[in-house]
Amino acid sequence: MQHLCSLSRGREPAFGREACGLPRSLAEKPSPSGDGVFTIATGKPVTASEAEKIGLIDAIAEGDLAEEAIALAQKAASEPLRTPLAQRAPLMVEDGAAFEAAAAKIEAKAGQQNAPRVAVRAVRNALDLPAEAALAAEREAFLALKADPQSSALRHVFFAERATTRIERLRTVRPRILKEVGVIGGGTMGAGIAAACLLAGYSVTMVERDSEAAAAGEGRVKSVLDGSLKRGLISASRHASLLAEFSASDGYDALSGTDLAVEAVFENMDVKKEVFAKLDVHARPDSVLATNTSYLDVNEIANSSACPGRVIGLHFFSPAHIMKPLEIVVSDAASDEILATGVAFAKSLKKIPVLAGVCNGFIANRIMSAYRREAECMLEDGALPWEVDAAMTEFGLPMGLFQMQDLAGLDISWAMRKQQAATRDQDQRYVDIGDKLCEMGRFGRKSGRGYYLYGETGKATPDPEVEALILSESARKGIVRQRMTRSDIMARILEAMQTEGAAILDEGIARCGDDIDVVMINAYGFPRWKGGPMFMKGQESELHRKRHE
């Protein structure tokens with residue numbers, strides 16, 4: 001066993017001798033570094049070449065895996081026995097400053113998550129303690145983490161993400177083979193979708209309303225690919241080949257050969273129906289047609305097509321080439337083959353597909369709208385935007401709701417509210433603070449003022465003008481403001497999430513609570529180590545049951 005060694009083929013993930021407690025000899029073993037502690041504490045996967053570089057594996061097989069593994073084992077058998085574990089001295093760090101900087105960054109980013117900090121401590125122990133003592137401490141830490149509620153939540157998410165499309169309806173259905181994808185719309189979303197498809201190996205044709213818009217869309221796609229090149233995610237040769245697989249046009253006849261066409265135009269029903277009418281004429285009769293709508297009725301869009309059975313919703317999240325979730329909205333007429341093809345397409349893009357029924361906002365945006373309304377009500381009831389945002393980031397969300405709205409642009413949601421004004425439930429409480437901010441020309445970061453004030457540095461700072469507006473609105477409506485703690489704020493936000501989630505389940509919009517958790521974690525940054533809002537609700541119910549047994 002002492003000569004057990006490891007080998008990986010090409011770029012496949014590798015589990016090496018290091019994980020088995022059989023490291024290279026001390027002379028060979030690389031010293032811990034900033035990169036190493038990032039890999040250990042974050043769980044970020046590494047390629048085989050990276051694993052070889054840091055000593056996780058011994059070699060990479062370029063030819064026959066079995067033959068090269070045998071040769072490697074025979075070579076190891078002829079070498080002297082390695083230093084017994086008990087005799088190993090603490091490791092040395094070549095660049096202590098880099099290690100400490102990496103460790104500090106991980107610990108700061110961890111927030112309330114326990115595992116990254118414990119992993120950093122385990123690496124420190126390897127530097128400060130003899131091997132046996134370090135391993136004993138690591139074992140004790142592992143057992144503590146295993147029993148931690150965060151571990152249960154993370155396991156829940158791990159399995160939930162892998163079960164989102166395991167449904168009987170698709171068990172024996174074969175998806176179509178897709179090679180060419182059409183994208184209608186070259187804005188931020190359309191460009192992101194096009195880039196995601198290119199990076200997944202598809203040929204992409206983009207269509208815009210005129211040549212100028214097509215050129216602008218092409219520029220956005222190129223900018224996304226340029227960013228991937230700059231970050232080292234793709235090589236210069238691949239960058240060139242991806243651009244060669246992309247074309248932009250101002251005519252729908254360019255889509256005549258596409259296997260799948262994704263509409264990503266302005267969020268307006270009439271505009272989208274116009275697009276599908278043109279697709280009926282110009283797209284192949286057997287091609288899959290998809291809408292990227294965020295809120296609109298996919299059944300209505302599908303029924304506007306000459307063949308509703310080939311229409312589904314593919315709701316990407318922005319930026320589409322980065323964000324993992326993809327809501328597959330199942331229209332009433334969608335065929336099993338079209339649905340299976342949508343699922344396979346999502347997976348080919350390395351997305352996490354989640355099936356959703358037809359309703360306003362589907363799963364993620366419907367829940368987000370619910371807790372946004374609750375947060376806006378809290379402004380009138382006693383909280384301020386920066387207090388709500390602080391409660392949310394302390395909970396573990398990456399950004400507060402009002403900072404997020406400022407980033408997206410307040411005018412976008414304002415336009416939607418004006419569009420929905422005629423059909424709004426008049427009995428539902430309506431907070432018009434956001435409307436008044438837009439009337440004041442406060443559209444968020446892009447205008448330098450929104451819920452926050454943004455100076456030359458772009459840093460969000462509380463604005464007395466916004467506070468005065470909020471206080472005046474409370475007084476105008478006769479609301480006596482009450483002080484709210486951060487826990488009070490998060491309790492109301494969580495209740496709004498969970499109540500809307502329960503309604504979504506009752507209506508059959510989501511298959512199960514697990515799917516809701518997956519979407520909220522991946523779309524809106526709900527803390528993974530908390531398991532999702534529905535998981536938390538289940539845990540609370542179980543705790544309540546045990547207390548009363």
Side-chain angles (χ1 to χ4, degrees), residues 42-43 109-116 145-167 315-317 322-329 346 351-357 359 361-375 388 391-401 404 486-487 489-545:
T42 64
K109 190 176 180 180
Q112 296 182 40
Q113 190 176 6
N114 296 328
L145 286 176
K146 182 183 175 184
D148 192 318
Q150 291 187 6
S151 175
S152 177
L154 288 166
R155 292 195 300 271
H156 160 74
V157 177
F158 177 88
F159 290 109
E161 287 180 339
R162 287 153 179 79
T164 56
T165 57
R166 291 177 188 166
I167 60 174
H315 176 218
F316 290 80
F317 293 80
I322 293 175
M323 293 291 283
K324 288 291 185 183
L326 201 165
E327 287 182 319
I328 300 180
V329 187
K351 303 297 185 186
I352 302 173
V354 177
L355 304 179
C359 69
F362 318 127
I363 299 173
N365 284 344
R366 178 169 162 179
I367 292 177
M368 189 275 288
S369 295
Y371 71 82
R372 181 184 64 202
R373 286 193 300 270
E374 187 64 27
V388 173
M392 295 179 75
T393 53
E394 182 182 76
F395 178 78
L397 287 153
M399 183 180 289
L401 183 66
M404 183 178 74
R486 291 182 179 180
S487 60
I489 291 169
M490 276 313 303
R492 286 181 62 169
I493 288 175
L494 281 172
E495 184 178 6
M497 288 182 180
Q498 292 162 347
T499 299
E500 197 65 31
I504 285 172
L505 290 174
D506 288 344
E507 296 168 23
I509 302 301
R511 295 182 316 125
C512 58
D514 290 6
D515 285 359
I516 294 174
D517 289 337
V518 168
V519 170
M520 294 306 297
I521 287 167
N522 289 283
Y524 287 113
F526 194 97
R528 181 174 289 265
W529 61 93
K530 292 182 184 288
M534 307 314 288
F535 176 81
M536 288 185 69
K537 184 178 181 180
Q539 294 293 93
E540 290 164 5
S541 298
E542 180 65 16
L543 183 60
H544 178 79
R545 184 187 65 78

Value for NZ (K537) from CG (L494), rounded to nearest 0.5 Å, stands at 11.5 Å

Measure across A110 and P116 and return the closest heavy-atom pair with its distance rounded to 0.1 Å. CB-CB, 4.0 Å

Would you indicate whether the side-chain heavy atoms of P533 and D517 approach each other to under 4.5 Å? yes

If I take atom CD from residue E327 and atom CG from residue L355, how far apart are they, to the nearest 0.5 angstrom? 10.0 Å

Can you measure from CE (M497) to CE (M534) and round to the nearest 0.5 angstrom? 11.5 Å

Which atom pair, heavy atoms only, marks the closest approach of A153 to G531? CB-N, 3.5 Å

Taking every non-hydrogen atom, the tightest pair across P353 and I328: CB-CD1, 3.7 Å

Does the Lys NZ or Arg CZ of R162 fall within the cation-pi geometry relative to F158 - under 6.0 Å from the ring centre and within 45° of the axis? yes

When you compare the side chain of R366 with that of C359, does any pair of heavy atoms fall below 4.5 Å? yes

How many angstroms lie between CG in N522 and CZ in F317, if you round to the nearest 0.5 Å? 9.5 Å

Side chains of V388 and I493: closer than 4.5 Å at any heavy-atom pair? yes

Of all the heavy-atom pairs spanning L145 and S151, show the shortest one and how long it is. O-CB, 3.1 Å

Does any N or O in the side chain of R372 come within less than 3.5 Å of the main-chain N or O of L401, such that one atom is a donor and the other an acceptor? no

So does G400 get a backbone contact from the side chain of T393, meaning a donor-acceptor N/O pair under 3.5 Å? no

Heavy-atom nearest pair, G357 first then V329, reads O-CG1, 3.8 Å

From I504 atom CD1 to F362 atom CZ, the distance as rounded to the nearest 0.5 Å: 11.5 Å

Closest non-hydrogen atom pair, A510 against I516: CB-CG1, 3.9 Å

Do any pairs count as a salt bridge (charged side-chain N to carboxylate O under 4.0 Å, His left out) and have a residue in residues 521-535, sequence neighbours left out, and if so which ones? E161-R528

Does E495 have any salt bridge (charged side-chain N to carboxylate O under 4.0 Å, His left out) partners at least two apart in sequence or in another chain, and if so, which? none

Residues pairing under ring pair (Phe, Tyr, Trp, His ring centres under 6.0 Å) where one sits in residues 500-536, two or more places apart or in two chains, turn out to be H156-F535, F395-F526

Report the distance from atom CD of E374 to atom CD1 of I489, rounding to the nearest 0.5 Å. 11.0 Å

Verify the distance criterion only: is there a donor paired with an acceptor across the side chains of R373 and S369 at less than 3.5 Å? no

Would you indicate whether the side-chain heavy atoms of M490 and S487 approach each other to under 4.5 Å? no

